[in-house]
Chemist: 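Mind looking over this structure? Questions follow.
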Amino acid sequence: MSCSAVVQSEKRLIDSGPSDTHCFQQPSGTIPVEAKDTVMPLDAQAPSRVVTATLNYLVPGAEKPARYVGDPPPGRLAWNGASDPRQVAIADGRGHEADFTLDRNGFALRQVPSAVRDFFDPAEVADVYYKETEALVRAEMGASRVIGFDHTLRGPDAPREPVMRVHNDYTERSAAQRVRDLLPDEAEALLARRFVFANVWRPVRVLAVDTPLALCDATSFTDDDLVPTDLIYADRVGETASVRFNPSHRWVFFSGMRPDEVVLIKCHDSATDGRARISFHTAFRDPTAPVDAPARQSIELRTIAFFD
């Protein structure tokens, strides 16, 4: 299929496309919410297709992995980690969109048109998209309060490119610290109750064909697969999680995601009752994509959901 065919079919797909449809491992001895087994939806029914692609894991070393956002100090590497590229099977979740849930798999696809006309207009994103996304997360999770606090645009017209490295955005430590950073006066009371960091990822302008997003099913990994990693900004040091390879990982993507679709991704859930707590993820090059497919453009908005 040529790039021109992809672009020409975009409006048709948006108008007629399908409707809507962990992260840390379950604590030992608990039963996942919504499922009493670890059968993935795509185990019960054959996936639409499976692609084999390269995902970049981490080879853990003696030094804690660290990545600088911006230029590193003299004598320091921007990224000191050792990449471990692996060929893995990634199942296309199309046709099974409704089978994936945040509390079981750590991610969910939804069809959610936006009123935003230009995602590259900071004022419009702040005035319109934050409110839309906060309302979506609140409704999806049943949260009492949701705060959108940050977003990233990726693509050729944006300052950042897709992240081609398997990762999760927070660790147990850094999630709590981020609440303290953002809401210092309320933090201790909020941290005493359940809270969830959830990212909402959406293609903009074009279909996500060139570099789609792969998500790891939360029932297929354990805490041992996660490697705490420093994320060093000019004014603070955050902590994310890199991931070591495990052949048990089961990966999913949703082919040809449209600008009226979003993926909600758990990046940290403080609940330890057996539900999914994260879904680590990465961009990848789909070897079946047209060679002239337009470069992926996307927006990822980060939220915190609080519960009474």
Side-chain angles (χ1 to χ4, degrees), residues 22-29 52-90 106-107 150 152 154 159-182 191 196-197 199 211 213-252 265-270 272 276-285 300 302:
H22 213 21
C23 52
F24 306 106
Q25 177 69 6
Q26 324 286 357
S28 177
T52 299
T54 300
L55 300 187
N56 293 303
Y57 286 89
L58 176 80
V59 178
E63 186 179 16
K64 184 178 181 181
R67 183 170 70 86
Y68 285 86
V69 180
D71 294 330
R76 300 291 294 179
L77 295 173
W79 166 243
N80 68 351
S83 182
D84 182 15
R86 299 281 184 150
Q87 289 282 298
V88 303
I90 309 173
F107 60 89
D150 183 38
T152 301
R154 301 188 190 277
R160 298 176 72 175
E161 296 181 346
V163 178
M164 309 291 290
R165 181 174 55 84
V166 180
H167 68 285
N168 187 63
D169 290 22
Y170 298 94
T171 63
E172 193 87 25
R173 184 190 68 80
S174 67
Q177 184 58 49
R178 198 72 180 119
V179 174
R180 295 186 178 100
D181 292 342
L182 294 167
L191 292 172
V196 175
F197 279 81
N199 288 6
T211 318
L213 189 69
L215 305 122
C216 195
D217 175 39
T219 68
S220 70
F221 57 83
T222 73
D223 290 12
D224 292 340
D225 299 335
L226 304 173
V227 182
T229 299
D230 284 340
L231 188 62
I232 305 172
Y233 297 87
D235 59 343
R236 68 182 182 90
V237 178
E239 187 177 64
T240 64
S242 299
V243 182
R244 72 185 85 214
F245 175 71
N246 184 330
S248 297
H249 294 165
R250 293 191 288 189
W251 290 92
V252 175
I265 312 168
K266 275 194 188 182
C267 292
H268 176 81
D269 190 334
S270 67
T272 57
R277 300 190 67 201
I278 68 168
S279 171
F280 49 76
H281 48 279
T282 179
F284 75 99
R285 299 288 182 193
E300 187 171 26
R302 299 169 185 87

Chemist: Let me know which of Ile265, Val243, Asp169, Leu215 forms a side-chain contact (heavy atoms from CB on, under 4.5 Å) with Phe280.
Modeler: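 Result: among Ile265, Val243, Asp169, Leu215, Val243 is the only option passing the side-chain contact (heavy atoms from CB on, under 4.5 Å) with Phe280.
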Chemist: With heavy-atom distances below 4.5 Å as the criterion, would you say the side chains of Val196 and Ser270 are in contact?
Modeler: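 No, side chains not in contact.
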Chemist: Taking all heavy atoms of Thr240 and all of Asn168, pick out the closest pair and write down the distance.
Modeler: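 That would be CB-O, 3.3 Å.
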Chemist: I would like to know whether Thr229 and Trp79 meet side chain to side chain contact (heavy atoms under 4.5 Å, CB included); could you show each step before the answer?
Modeler: CA-CA 10 Å; Thr229 299; Trp79 166 243; 3.7 Å; yes
Chemist: Do the rings of Tyr170 and Phe197 sit parallel, tilted or perpendicular, given the 30° and 60° boundaries?
Modeler: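 Geometry flag for Phe197 against Tyr170: tilted rings.
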Chemist: What I want to check is whether the side chains of Thr272 and Arg277 have a donor and an acceptor closer together than 3.5 Å.
Modeler: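 No, Arg277 and Thr272 have no side-chain donor paired with an acceptor closer than 3.5 Å.
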Chemist: Apply side chain to side chain contact (heavy atoms under 4.5 Å, CB included) to residues Val166 and Phe245 and explain how you reach the verdict.
Modeler: CA-CA 9 Å; Val166 180; Phe245 175 71; over 6 Å; no
Chemist: What pairs with Glu239 under side chain to side chain contact (heavy atoms under 4.5 Å, CB included), at least two apart in sequence or on another chain?
Modeler: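 Scan of Glu239 (side chain to side chain contact (heavy atoms under 4.5 Å, CB included), adjacent residues dropped) gives Lys64, Thr171, Arg173, Ser174, Pro228, Asp230.
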Chemist: Within the side chain of Arg165, is there an N or O that forms a donor-acceptor pair under 3.5 Å with the backbone of Leu58?
Modeler: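 Side chain of Arg165 to backbone of Leu58: no pair is present.
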Chemist: Side-chain contact, heavy-atom cut-off 4.5 Å: Asp225 with His249?
Modeler: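 Yes - at least one pair of side-chain heavy atoms lies under 4.5 Å apart.
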Chemist: What's the shortest heavy-atom distance between Tyr68 and Leu77, and which atoms?
Modeler: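 That would be CD1-O, 3.4 Å.
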Chemist: Could you tell me which residues satisfy ring pair (Phe, Tyr, Trp, His ring centres under 6.0 Å) with His167, sequence neighbours excluded, listed by chain and number?
Modeler: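 Once residues adjacent in sequence are excluded, the partners of His167 under the ring pair (Phe, Tyr, Trp, His ring centres under 6.0 Å) criterion are His281.
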Chemist: Under 3.5 Å, is there a donor-acceptor pair linking the side chains of Thr54 and Arg86?
Modeler: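 No, no side-chain donor-acceptor pair sits under 3.5 Å.
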Chemist: Could you tell me the separation between the CG atom of Leu213 and the CH2 atom of Trp251, rounded to the nearest 0.5 Å?
Modeler: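 Those atoms lie 9.0 Å apart.
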Chemist: Can you name the nearest heavy-atom pair linking Val59 to Ser83, along with the distance?
Modeler: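 So the two residues come closest at CG2-O, 4.1 Å.
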Chemist: Please step through side chain to side chain contact (heavy atoms under 4.5 Å, CB included) for the pair Arg285 and Thr211, ending with a clear verdict.
Modeler: CA-CA 5 Å; Arg285 299 288 182 193; Thr211 318; 2.8 Å; yes
Chemist: Any pair with a residue in residues 66-82 that passes salt bridge (charged side-chain N to carboxylate O under 4.0 Å, His left out), sequence neighbours left out, goes on the list, sorted by first then second residue, please.
Modeler: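 Those involving residues 66-82 are Glu63-Arg76.
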Chemist: Indicate the atoms forming the closest heavy-atom contact of Ala214 with Phe284, along with that distance.
Modeler: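 For Ala214 and Phe284, the tightest heavy-atom pair comes out as CB-CD2, 3.7 Å.
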Chemist: Which atom names give the shortest non-hydrogen contact between Ser248 and Ser220, and what distance separates them?
Modeler: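 Ser248 and Ser220 have their closest heavy atoms at O-CB, 3.3 Å.
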Chemist: What pair of heavy atoms forms the shortest contact from Ser279 to Cys216, and how long is it?
Modeler: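 Shortest heavy-atom separation between Ser279 and Cys216 comes out as OG-O, 2.8 Å.
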Chemist: Name the one of Leu55, Asn56, Val163 that satisfies side-chain contact (heavy atoms from CB on, under 4.5 Å) with Thr282?
Modeler: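 That would be Leu55.
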